[in-house]
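Structure first, commentary second.
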Amino acid sequence: MARSDEAEAFFAAVYTAVQQIPAGRVTTYGHIAMLIGTPQRPRQVGVALKQLPADASAPFNNTNVPWQRVINAKGAISPRSQPSGSRNQATALQAEGVEVTRGALGEFTVDFAAYGWFPNDLPSDVSGDEGEDDEGENDEIRQ
DNA sequence: ATTGTGACGCGTT
DNA sequence: TAACGCGCCACAA
């Protein structure tokens, strides 16, 4: 038990929230953090996903938790120490029909307007000019 | 025990 | 517009 009870609960909350993301859609670390009531720790959400066990017998593992559907607020797949990691995520998303484009820096990006999933949705506020991020998607969370 | 490192995001410079 | 600073906190060294 290397992990405190509190941390364990947080990890579980993250995994559960991520499992709500519909296939073929993506959301952000910050949004997940907000959904589980800890809007100030999007970074910890990343830690939780990073620690996701590969062991298929674990309650939460990289096969039953769609970790690939979580990207950063910039709409890009977060770069990691191991380049293969982000590339791998891009492949996983494409496999479920998500269109992934490549930036000049080799950065993989996804269009939120087309694939974003934001229950209760928040808005990207926009200051009044050219807003077109509407989406009219109403997904409800239940348990 | 301490220190450094991030799969983040937002406010300030 | 691009950098930088900071909060947060599990993990590896």
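In what follows, every heavy atom counts, from backbone to side chain, and hydrogens, waters and symmetry copies are set aside. Keep in mind that this is a model prediction, so the values were computed, not measured. Here is how names work: the chains are called A, B, and so on, in the same order as the sequence lines, proteins then strands, and each is numbered from 1.
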Problem - Spacing of A/Phe10 atom CZ relative to C/dC8 atom P, expressed in whole Å - result: 13 Å

Problem - Expected output: side-chain A/Gln89 to main-chain A/Gln68 donor-acceptor under 3.5 Å - result: yes

Exercise for the section: Would you classify A/Thr28 as touching base, sugar-phosphate or nothing, given that sugar-phosphate means primed atoms plus P, OP1 and OP2, and contacts are heavy atoms under 4.0 Å? Expected result: sugar-phosphate

Problem - Selection from B/dG9, C/dC11, C/dC9 that lies nearest to any side-chain heavy atom of A/Arg3 - result: C/dC11

Practice task
Hey, which sits more toward the 5' end of DNA chain C by its nearest nucleotide, A/Ala7 or A/Pro42?
Solution key: A/Pro42

Problem - Nucleotide nearest A/Gln89 when distance is taken to its side chain, options B/dA7, C/dC11, B/dG9 - result: B/dA7

Handout entry: B/dA7 to C/dA2 separation - C1' atoms, rounded to the nearest Å
Key = 23 Å

Exercise for the section: Round to the nearest Å and state the distance from A/Arg80 atom CZ to B/dT5 atom C1'. Expected result: 16 Å

Handout entry: Protein-nucleotide distance (A/Gln44, atom CD; B/dT5, atom P), rounded to Å
Key = 17 Å

Handout entry: Donor-acceptor under 3.5 Å (A/Thr91 side chain, A/Arg87 main chain)
Key = yes

Problem - Side chain A/Arg43 and base C/dG7 donor-acceptor under 3.5 Å - result: yes

Handout entry: Residue met sooner reading DNA chain C from 5', once A/Gln51 and A/Gln40 are mapped to nucleotides
Key = A/Gln40

Handout entry: Proximity of A/Phe118 and A/Phe112 rings by center, below 6.0 Å
Key = yes

Practice task
Specify the separation, in whole Å, of atom OH of A/Tyr15 and atom C1' of C/dA10.
Solution key: 11 Å

Problem - Nucleotide of B/dA7, B/dG9, B/dC8 approaching A/Ala73 most closely (side-chain heavy atoms) - result: B/dG9

Exercise for the section: Kindly point out which of B/dA7, C/dC11, C/dC9 is positioned nearest to the side chain of A/Phe11? Expected result: C/dC11

Handout entry: Integer-rounded Å distance: C/dC11 P and A/Leu52 CG
Key = 13 Å

Exercise for the section: May I have the distance from A/Tyr29 (atom OH) to B/dC10 (atom P), rounded to whole angstrom? Expected result: 14 Å

Handout entry: Atom pair distance, as rounded to whole Å: CG in A/Leu105 and P in C/dA2
Key = 11 Å

Handout entry: Euclidean distance for P, C/dT1 against B/dC8 (whole angstrom)
Key = 23 Å

Practice task
Using a strict cut-off of less than 4.0 Å between a Lys/Arg side-chain nitrogen and an Asp/Glu carboxylate oxygen, indicate whether A/Glu96 and A/Arg25 qualify as a salt bridge.
Solution key: no

Exercise for the section: Quick one: label A/Pro39 by what it contacts on the DNA or RNA (base, sugar-phosphate, nothing), any heavy atom closer than 4.0 Å. Expected result: nothing

Practice task
Report the distance from atom CE of A/Met34 to atom P of B/dC8, rounded to the nearest whole Å.
Solution key: 18 Å

Exercise for the section: Mind checking A/Ser81 for me? I need base, sugar-phosphate or nothing, with any heavy atom below 4.0 Å counting as a touch. Expected result: sugar-phosphate

Handout entry: Flag for A/Gln94-A/Glu99: side-chain donor and acceptor within less than 3.5 Å
Key = no

Problem - Of A/Val47 and A/Gly30, the one whose closest DNA chain B nucleotide lies more 5' - result: A/Val47

Handout entry: Cation-pi geometry met for A/Arg41 and A/Phe10 (6.0 Å, 45°)
Key = yes

